[in-house]
Amino acid sequence: MENTNLTLGILLQLCQLLLVVLMAPLLMGWVNQCRAWLQNRSGPGLLQPYCTLRKLFHKDAVLAHDASPLFRMTPYIVFGCMWLAAAIIPIIAVDLPFSPAADVIALVGIFALARVFIALAAMDIGTAFGTLGARREMLVSFLAEPALLMVFFTSSLISHSTQLPHIVETFAHHEFVLYPSLAFASVAFVMILLAENARIPVDNPSTHLELTMIHEAMILEYSARHLALVEWASSLKLLAYISIGIALFLPQGIAGVGNWNALPLAVAALLLKLVAAGAGLALLEALIAKMRIFRVPEFLGTAFLLAVLGLLIHFLLGA
Amino acid sequence: MDAIGILPLDMAVGAILLWMVLGLSGLVLQRLPHLITGIIFPLGALAALAVAGTGLWALGEPPGVAVLPLGLPDLPLHLRLDPLAAFFLILLGGASFGVSLFSAGYFRAMAGGTLGLLCLEYHLFLASMALVLLADDAYMFMVAWETMALSSYFLVTTDHHVPDIRKAGFLYLLIAHVGAVAILLSFGVMQGGHGIGAYTFAAMREAHLSPFWSSAAFLLAFFGFGAKAGMIPLHVWLPDAHPAAPSPVSALLSGVMLKTAIYGMVRVIYDLIGNVRWEWGVLVLAVGAATMLFGVLFALMQHDLKRLLAYHSIENIGIILLGLGMSMAFIGLGHPVAGALGLIAALYHTLNHAVFKGLLFLGAGSILHASGLRNLNDMGGLIRKMPKTAFYFLIGALAISALPPLNGFVSEWLMFQTALQAPTLTNDIVRSLLPLFAATLALAGALTGMCFVKVYGIAFLGRPREPHERPSTPGTGHDPSGMEQCGMAWLALGCFVLGLFPSYVMLMLNRVCVSLTGHGLSAGALTGSNWLWLVPTASERASYSPIVFMAVIVAVMLLTFLLVRRFYHGRVRFCDPWDCGFPAQTPRMQDTADAFGQPVRHVFGPIYRMHRELPGPDDPAPRFFLKIEDRHWYWLYLPTARLAEFASSKVALLQHGRIHLYLIYTFITLLVLLAFV
Amino acid sequence: MSIPFTTQIIYLLASILLLVAFAMLSQRRILSLINLFAWQGLVLSVSTFVVAYSTAQHHLYYSAVLTLLLKVLVLPWLLHRLIRKLNVKWDVETLINIPTTMLVGIALVIFAFNLAAPISQLSESITRGLIGIALASVLLSLLMMITRRKAVPQVVGFLAMENGLFFAATSATHGMPLVVELGIALDVLVGTFIFGIFFFQLRETFDSLDITHMEKLKDDNS
């Protein structure tokens, strides 16, 4: 029994690995489609990201003359990190054998690793926009990272574990309890999600104005397969963040330990949640205006504050 | 081993003696500099390896004690090798092995006379640090401590013809001695007036102090060791002194010598005083958090590479203090198991910092040697000229930025896990403060990441910034020689080993912890941790497996690479950088180190004391000037200095220059003493 | 978890109350500030309603309705009218910058929570954890009054402070007698009117609503 469970777990883990990597561009397409609808455009269609990726993979990579090996390795590293991150978050079932390898704190570490590499790659060619992007990205990150950790701390303190499977177990499969602290944490988390995924109001994913760019400015020098991997990695990152949101704040429907029969339902629930989250993200982006770069610290400071308040309220109310 | 009759302590003493002999022979051989670098430094490295091995061996043994027939009457020199000392011996040996190897290559170009002196001071420095760790009475400890301070002072002022370096050295010596006086007073408090025999550590362990006196001893020791460790507000010497020394020495100063101060703190607080109070923990936590944030924020403002690294040493001392503070708060409030975890996290970080900071300083030394540059604003593109150094430096940078799967991450992860034990506490204030301190740790970690993106991106990546202005420097740059690379490779390997096999280190530290506090990790941690999994409390609460982590990422990367190659192609074309098609691009358009720190300067503006001159828009010769200063100078040091000057000017009234008056002073003093004593 | 569901809802509402207090503290625009105040009133009203339901105290229903009318509809409407009349839609100017205010706010919350902990121990009612939150929101409103330069935000701060007190009264002690509540409601209403008149006077005298101008009113013979 133990063995079959482990085998099934590994099978499930591999399925999720495959699922996330294939689904991530679709999610991106869905968000873009919703945005287009909200802006009264017809939109490129759901499958556009796949077409873009295919096109990019077919092209010849163009590199600057003095690009270092680090520049060429970074897309693979970033892609690997994001893939791993998205794959170990329990969104369908909690039996993921890889998941205990990296708890929530290590998850923050994975994101940081990818970010450091992409910022370094941005500085590699030595262009003005690349360093500008790297500098701004690090500005956003050093504020978002502690806030994200505080969000994780709140849920970890409630569930007495820093492992996502156990957190999901606590929230989804025990008696339903309203946690005010989690309400705070969720608001903070949405703000962090917007900032970390280069969405409005912190960054504009579809900008073509160099001086306002953050993420785009960092990857200006990438082309073809490298660009494809970086883009794919960002869609994986978005999926990973939304998955974290689902795992922490909306875990209902995720299949519990050894409960393999609940899997079809869990997949359906997941799809529903992702559709809703994508639409919500697009709606948020349609409603908010992009802010000046030096308002960003305030924005993220607020996120941090909310997370801290959640933590304090947890200590006061015990909930 | 016992059959041979050698104890770990004997071996450690042997290695120390070897170091001393090597130092002296360096002085003798100063006419043959190639022998010094070719033989003495590698031998010193072997002795370091022996010290590390001794430490590993002694961790599993009961404490060894020895009394040397030297020293004061009634107080012969006591030596003791217990698990705590053994752990720090591993740190000392491991880090100095790499540094000594590096030195063997690095000092080749140095003139014979200076080299001979340097060799003496260097090995004396190592030996005195080892003696500090082994000392088992206050006298021995202070002698070793002062030897360490003096030898390091001479090492710092190796380039004593530069006035700034002399000044830095003086400041260092001054604060080191203020600290030493505090430590001495602390020992005095702890021996409690029981005569000279009570100056042994064994007697201090036995002594029971009242809460007031134990707090006094704690405060004095915290102040004294803190001055050596560079904690706020006694840190001002550190960013001046560490960069002044030759790079391998900086590596030892930052990597190892600061740790002897941590050793002293742990020894006095946990071992000699014993009953830890939680209020002390809160104090240490607050000072630690302030030190950490201060260090990293000022590091971000630096453009001198070695100075930047020195500020990061301040930051890391803050992190270590944070771990110690959490541990003390937990122990003081009656949770020794959580306290043990905090202590382990702090000691783990101590070891990690020794490894990666050593590595980074060696990297900085290689850059300095190869290109003559210390100012980041002049660097750029070094990865193309010195790819191997760039690789090692990258490992160090990733490790210090607390990124998985390297070692810096493990210790910070353990600290977060300790902070998450907060709900067990009953004290409301401490309970709500601990996660907040953890948040400052996260902030510092992220800022460190930013800082090392800055360092690496500006020094190694991009294009050389000021190529035309410096024709005189050997701007070509090249990777250092084999010995130097070995030194860096050893420390880089350390980053990986400590990062990938954390449970071994944790279980090793558990022994230290049990021997100090009588408590260790929980049973869940001991059963759950093996080569694959690191489990700090219980496997359902938290776990981390760097090996699985690393394996999956590498596998995924390789898979992606192969798939892309298999289904598509690997064609590459080269051309000029695109940069959104802007036509004129010069290397000067890249961010400088100061520019990279600008957002931080903006966000944390009030912390800095800034002098800035911005050129006007129609200035024909625009020149941007920025100077960042430490506020501590203005509100603490300058007033203190003025006070001291004022006091001495009053005392100077006594001075008349006439010998009769002086004789009268002596006479009166004699009379007073005879009358009262 | 054995906490009844209604209590959980009250906890949640209390947290939202605190959240709104912080949002007000960080808000730069007067219009949004007034809207936030209305939201706070709504939260207060709902929480009063839930307390009334869970403890079956009928007079609390009246308080809930009263709160809804007064604090969600009448007062915001009055304030909206006021700023239209005065034509003051400018951004709120703060004396201390917002992040610092936030940090002070966090410190206040920790302080309030620790202050309330012994009081909460005494109380036997189901909602004893809430006094800390109420206290914190009172302190935060006071902080907002201190840090704002213009008169309108100060009034909003005053009203928000009253909200915090009201919350403490309803949640911790299940409400005051209805007469007292009516009296307070009337007071608040009258207070707002008086403030309104005061604003007009202020503007006529100084041509501005910046209360720092009031420093000129002091005896200035020198």
Side-chain angles (χ1 to χ4, degrees), chain A residues 57-58 60-66 68 70 76-77 79-81 83-84 98 100-103 105-106 109-110 112-113 116 119-120 123-129 131-132 134-135 138-139 141-142 145-146 149-150 153 156-157 160-163 166 210 220-221 225 229 294 297 308 311-312 315, chain B residues 380-381 383-384 398 401-404 409 413 416-417 420 423 431-432 435-436 438-439 442-443 445-447 449-450 453 456-458 461-463 540-545 548-549 552-553 556-557 560-561 564 568 571-580 585 587 589-591 596 599 602-603:
Chain A
F57 274 121
H58 274 295
D60 284 7
V62 181
L63 292 176
H65 285 303
D66 42 7
S68 68
L70 188 127
Y76 296 97
I77 296 176
F79 185 74
C81 287
W83 194 358
L84 175 68
F98 287 173
D103 64 349
I105 302 171
I110 303 180
L113 184 67
V116 162
L120 285 178
M123 298 179 82
D124 184 49
I125 306 295
T127 58
F129 290 127
T131 46
L132 174 145
R135 164 162 37 100
M138 295 321 282
L139 165 73
S141 72
F142 83 69
E145 218 177 280
L149 263 180
M150 290 317 270
F153 274 16
S156 300
L157 287 175
H160 301 293
S161 173
T162 57
Q163 290 176 340
H166 283 94
E210 295 89 349
L220 273 179
E221 299 301 323
R225 57 174 182 276
L229 285 175
F294 278 113
V308 170
L311 203 73
L312 290 178
F315 279 133
Chain B
I383 194 172
R384 284 159 209 116
L398 295 179
S401 308
L403 294 175
F409 178 76
W413 187 81
F416 287 129
Q417 295 297 346
L420 283 173
R431 197 172 61 165
S432 37
L436 290 186
L443 177 65
L447 283 169
M450 178 171 190
V453 165
Y456 200 79
I458 286 176
L461 306 176
R463 285 176 285 169
E540 72 276 2
R541 296 192 63 156
S543 63
Y544 167 60
S545 171
V548 172
F549 186 97
V552 172
I553 287 198
V556 164
M557 272 171 58
T560 322
F561 185 74
V564 169
Y568 300 99
R571 287 196 297 275
V572 171
R573 279 188 286 140
F574 286 94
C575 70
D576 286 336
W578 180 50
D579 202 26
C580 278
Q585 296 174 32
M589 285 178 172
Q590 305 169 86
D591 272 21
F596 202 87
H602 192 100
V603 176

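Note on naming: letters A, B, ... go to the chains in the order of the sequence lines (proteins, then strands), and numbering restarts at 1 for each one. Here the structure is a predicted model, which means the values were calculated and not measured.
Of the atoms belonging to A:Leu63, heavy atoms from both backbone and side chain fall under 4.5 Å from chain B. Heavy atoms of B:Ile458 lying under 4.5 Å from chain A belong to its backbone as well as its side chain. With a 4.5 angstrom heavy-atom cutoff, B:Val453 touches chain A via backbone and side-chain atoms both. Contact annotation for A:Leu149: only side-chain heavy atoms (C-beta onward) come within less than 4.5 Å of a heavy atom of chain B. Proximity to chain A (any heavy atom under 4.5 Å) is restricted, for B:Arg384, to the side chain, taken from C-beta onward. Contacts between A:Val116 and chain B at a heavy-atom distance below 4.5 Å involve backbone atoms as well as side-chain atoms. Both the backbone and the side chain of B:Val572 come within contact range of chain A, each with at least one heavy atom under 4.5 Å from a heavy atom of that chain. With a 4.5 angstrom heavy-atom cutoff, B:Ile383 touches chain A only via side-chain atoms. Within the 4.5 angstrom heavy-atom criterion, only side-chain atoms of B:Phe409, from C-beta onward, approach chain A. Contact of A:Glu221 with chain B is made through the side chain alone, with heavy-atom distances under 4.5 Å.
Remark: A:Met138 CE to B:Phe596 CZ distance equals 6.5 Å, nearest 0.5 Å. Taken from CG in B:Asp591 to OG1 in A:Thr127, the straight-line distance is 10.0 Å, to the nearest 0.5 Å. With rounding to the nearest 0.5 angstrom, the OH atom of B:Tyr456 is 8.5 Å from the CG atom of B:Leu398. Atom CG of A:Leu113 sits about 4.0 Å away from atom SG of A:Cys81, to the nearest 0.5 Å. Within the model, atoms CD1 of A:Ile125 and OG1 of A:Thr131 stand 12.0 Å from one another, a figure rounded to the nearest 0.5 Å. How far CZ of B:Arg541 is from CG of B:Leu420: 8.0 Å, rounded to the nearest 0.5 Å.
Here B:Ser543 is the residue among B:Ser543, B:Ala442, B:Gly457 with the most heavy-atom pairs under 4.5 Å with chain A. Residue with the most contacts toward chain B among A:Ala106, A:Gly109, A:Pro297, A:Pro100: A:Pro100 (heavy-atom pairs, distance under 4.5 Å). Between chain B and the options A:Ala101, A:Ala128, A:Pro146, A:Ala64, heavy-atom pairs under 4.5 Å are most frequent for A:Ala101. Counting heavy-atom pairs under 4.5 Å between each of B:Arg571, B:Met589, B:Gln590 and chain A puts B:Arg571 at the top. Per-residue counts of heavy-atom pairs under 4.5 Å with chain B were compared for A:Glu145, A:Met150, A:Met123; the largest is that of A:Met123. Among the candidates B:Leu436, B:Leu403, B:Val548, the residue making the largest number of heavy-atom pairs closer than 4.5 Å to chain A is B:Leu403. Highest contact tally toward chain B, considering only A:His166, A:Arg225, A:His58, is held by A:Arg225 [criterion: heavy-atom pairs under 4.5 Å]. When A:Leu312, A:Leu132, A:Ile110, A:Leu229 are compared by the number of non-hydrogen pairs under 4.5 Å with chain B, A:Ile110 comes out ahead. Taking B:Ser432, B:Pro435, B:Gly449 one by one and counting their heavy-atom pairs under 4.5 Å with chain A, the maximum is reached by B:Pro435.
Summarising the geometry of A:Leu70 relative to B:Leu461, their closest heavy-atom pair is CD2-CD1, 4.2 Å, with the distance given to 0.1 Å. Between B:Met450 and A:Phe142, the closest heavy-atom pair is SD-CD2, 3.5 Å. Smallest separation of non-hydrogen atoms from B:Met557 and A:Tyr76: CG-O, 3.2 Å. Scanning both residues, B:Ala438 and B:Phe416, for their nearest heavy atoms gives O-CE2, 3.3 Å.
A search for side chain to side chain donor-acceptor pair (under 3.5 Å) contacts involving A:Ser68 returns A:Asp124, not counting sequence neighbours.
The aromatic rings of B:Tyr568 and A:Phe57 sit parallel, their planes meeting at an angle under 30°, below the 60° perpendicular limit.
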